[in-house]
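Accompanying notes for the structure given below.
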Protein chains: 2
Amino acid sequence: MSVFAHHTHDYASDPDAALEAADKYFQSAGVRFTPLRRRVFEIILRAGKPIGAYDILERLRDHGKIAAPISVYRVLDFLIEQRFVHRLATINAYMACVTPEDPHAAQFLICQCCGSVTEISDPVIDKAIAEGARAADFQVSYPLVEIMGICAHCAAEGKTAGDCKKS
Amino acid sequence: MSVFAHHTHDYASDPDAALEAADKYFQSAGVRFTPLRRRVFEIILRAGKPIGAYDILERLRDHGKIAAPISVYRVLDFLIEQRFVHRLATINAYMACVTPEDPHAAQFLICQCCGSVTEISDPVIDKAIAEGARAADFQVSYPLVEIMGICAHCAAEGKTAGDCKKS
DNA sequence: GCGCGAAAGTGATACTATAACAAAAAAGCT
DNA sequence: AGCTTTTTTGTTATAGTATCACTTTCGCGC
């Protein structure tokens, strides 16, 4: 039994369910989930892994939509603010939050080999950071934790950081 | 007594000492600390706060050196690999490590108001991350912790995240 | 001096993100 | 409905960050 068993639904692996949930959430929150915003969120969801802003742009265009980078960035800002999307600063990419309806601090495990990213939400890490910041008299707005390394799958194939960084 | 009391020297506030220490370290390690590398490191040290790659470039040019961005990035890669410099992914900036000779995981407190960055090295945070990653069967290469928020100084002036983000 | 590998130079280019202003669409009000 | 206001999106241009490919120079050991 995984530590993630409490997730009611792994939205990351079920784009349709995630979109439906988003529809409902925004409806009830009185926030406008416009076609463009929905489309961008869908693209991010279906990517199944972190995706760059310009990749999103390209996929929008594949669907006949003419759009400029700024449009994508605006939507990304919106989705991030609404906590439906996370930004990964180290790799300049965006991914869907696995549990948007439950506000939480997230940590990311980024595989240097295959580029896969796993979102975890470890309260111990979160608490340690809150404590550390408090000790330094620092008021946390949001903590960013991006852990670079090798995922279990790649490690099983004998890959190391040295093999992958340069690829 | 501060948790940082074990620091023999706060290199961040003493560029000359830091440079001298670097000279000695690289000498004994048999690694080439070339004039360009030394110059760039000095610029970062004297900045006293995180500095962007193109700012470094500009300062190199101020000193009569004609250089291209790639030169700066190559040196930065070197200095980061040697653990003398940290890269702050969230703000695309670089800063000198306060304790290069002591390998450690660092965490950064980034003030959204004044842009100041404090490097801390909290073993509790580090351990929590190591544990969390292990639980997810993930082999950590290096953990990146960048905590956005408001520093004590700005908080004392009544500033909030809302006031500063847009500036 | 010569050869080798590491480092730096050169010129071009890719990638990421935002600014400034105009047009359109939705929401609220009378 | 007609009007205003606000929000969202479009349009064009540009700023900011980082890397590629290839050449030249430098340091070191023989």
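Worth knowing before you read on, the calculation uses all heavy atoms, side chains too, and leaves out hydrogens, waters and symmetry mates. Proteins come first, then strands; the chains are lettered A, B, ... in the order of their sequence lines, and each starts at number 1. Here the structure is a predicted model, which is why all the values come from computation and not from measurement.
When the P atom of C:dA17 is taken as reference, atom CG of A:D77 falls 10 Å away, rounded to whole Å.
Checked for salt-bridge contact, A:R134 and A:E131 meet the test: a charged N lies under 4.0 Å from a carboxylate O. A:D16 has a carboxylate O that lies under 4.0 Å from a charged side-chain N of A:R46, or vice versa, which qualifies the two as a salt bridge.
For the helix from C:dG1-D:dC30 to C:dT30-D:dA1, the terminal axes (five pairs an end, C1' atoms, rotation from four pairs onto the next four) enclose an angle of 30°, given to 10 degrees.
Here B:R32 lies in heavy-atom contact (under 4.0 Å) with sugar-phosphate atoms only.
For C:dA17, the OP1/OP2 oxygens have a side-chain nitrogen or oxygen of A:Y94 closer than 4.0 Å. OP1 or OP2 of D:dT9 sits under 4.0 Å from a side-chain N or O of A:R37. Taking side-chain N and O atoms only, B:T34 has a distance below 4.0 Å to OP1 or OP2 of C:dA8. Residue A:Y54 places no side-chain N or O under 4.0 Å from the OP1 or OP2 atom of C:dC15. Residue B:N92 places at least one side-chain N or O under 4.0 Å from the OP1 or OP2 atom of D:dA18.
For the residue pair B:H86/B:E146, the side-chain donor-acceptor check at 3.5 Å is not satisfied.
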Stepwise ring-ring contact (aromatic ring centres under 6.0 Å, His included) test for A:F84 and A:F33: CA-CA 12 Å; A:F84 277 70; A:F33 195 42; 7.2 Å; no
Check against ring-ring contact (aromatic ring centres under 6.0 Å, His included), B:F26 and B:F78: CA-CA 12 Å; B:F26 286 122; B:F78 167 81; 5.6 Å; yes
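Heavy-atom nearest nucleotides on DNA chain D were determined for A:K65 and for B:S71, and the one closer to the 5' end corresponds to A:K65.
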